[in-house]
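The figures that follow rest on heavy atoms only: side chains count, while hydrogens, waters and symmetry mates do not.
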Amino acid sequence: SHPGTRATPTKPPARPAEDASSPAMTSAREVKAARGVCPYERGETVALSRGSVNYRLEGPEGAPVVVLLHGLNASLASFTVLGEAFHARGWRTLTYDMYGFGLSASPQ
């Protein structure tokens, strides 16, 4: 451009309209829920004083146990691959959905 003139901003090309069922408009969780598929992995359930907890105890019987705790916005499914690696090396794993996550209860 020449001195004293301003560049004219260009408009981005128009995007095609997307309907509400488009994966681009919804989260993966919403898409799975719409299909009737639970986005969490079910393990065993134990009833505790503050509600039920979904857990898995896997690996070789009698092996040392490693407890794997997930962070926020996660579930026991976060450790599927890591758990398999521990099992292959002779460890047992305990993973569970913390209260309010995955398939565990949300205490009041």
Side-chain angles (χ1 to χ4, degrees):
S1 70
H2 298 292
T5 62
R6 282 193 269 175
T8 306
T10 58
K11 221 182 198 183
R15 292 178 52 193
E18 297 179 27
D19 65 282
S21 65
S22 168
M25 297 297 288
T26 57
S27 71
R29 176 190 255 173
E30 291 168 325
V31 170
K32 287 180 181 179
R35 292 182 188 150
V37 177
C38 179
Y40 301 109
E41 293 183 13
R42 185 171 303 281
E44 302 295 319
T45 302
V46 62
L48 301 177
S49 62
R50 298 191 67 198
S52 64
V53 172
N54 181 46
Y55 76 95
R56 283 196 179 150
L57 181 59
E58 301 174 304
E61 287 286 330
V65 178
V66 176
V67 179
L68 304 172
L69 302 173
H70 65 78
L72 294 177
N73 298 322
S75 72
L76 64 79
S78 304
F79 297 110
T80 301
V81 173
L82 184 59
E84 291 169 358
F86 273 111
H87 306 155
R89 287 165 181 79
W91 290 83
R92 195 162 169 86
T93 58
L94 172 62
T95 56
Y96 63 93
D97 292 332
M98 294 170 56
Y99 283 126
F101 296 92
L103 298 175
S104 289
S106 295
Q108 300 298 326

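No path of Ile, Leu, Val, Met, Phe, Trp and Tyr side chains, each step under 4.5 Å between heavy atoms, connects Trp91 with Leu69, placing them in separate hydrophobic clusters. Leu76 and Leu48 fall into different hydrophobic clusters, where Ile, Leu, Val, Met, Phe, Trp and Tyr side chains are chained together by heavy-atom contacts under 4.5 Å. Cluster membership check: Leu94 shares its hydrophobic cluster with Phe101, using side-chain heavy-atom separations under 4.5 Å among Ile, Leu, Val, Met, Phe, Trp and Tyr. A single hydrophobic cluster is seen to contain both Leu72 and Tyr99, as judged by linkage of ILVMFWY side chains at heavy-atom distances under 4.5 Å, directly or through other members.
Here the closest heavy-atom approach between residue Pro64 and residue Gly90 is recorded as CD-O, 4.0 Å. Minimum heavy-atom separation, Pro107 to Gly100: CD-N, 4.4 Å. Of all heavy-atom pairs spanning Val53 and Ser104, the tightest one is CA-OG, 3.3 Å.
The structure places CG of Asp97 at 12.5 Å from OH of Tyr55, a figure rounded to the nearest 0.5 Å.
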Exercise. For Arg56 and Thr93, run side-chain contact (heavy atoms from CB on, under 4.5 Å): C-alpha distance rounded to whole Å, both residues' side-chain angles, the deciding distance at 0.1 Å, then the answer.
Key: CA-CA 8 Å; Arg56 283 196 179 150; Thr93 58; over 6 Å; no
Practice problem: Could you walk me through whether Leu68 and Leu82 pass the side-chain contact (heavy atoms from CB on, under 4.5 Å) test, one step at a time? | Solution: CA-CA 9 Å; Leu68 304 172; Leu82 184 59; 4.3 Å; yes
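Side-chain contact check for Leu103 versus Arg42: some heavy-atom pair is nearer than 4.5 Å.
Checking side-chain atoms of Asn54 against main-chain N and O of Val46 turns up no donor-acceptor pair under 3.5 Å. Judged by distance alone, the side chain of Ser52 and the main-chain N or O of Thr45 form no donor-acceptor pair under 3.5 Å. Judged by distance alone, with hydrogens and angles left aside, the side-chain atoms of Arg92 form no donor-acceptor pair with the main-chain N or O of Phe86 at under 3.5 Å.
Side chains of Glu41 and Ser75: a donor-acceptor N/O pair is absent below 3.5 angstrom, by distance only.
Ring centroid separation for the pair His70 and Phe79 does not come in under the 6.0 Å cut-off.
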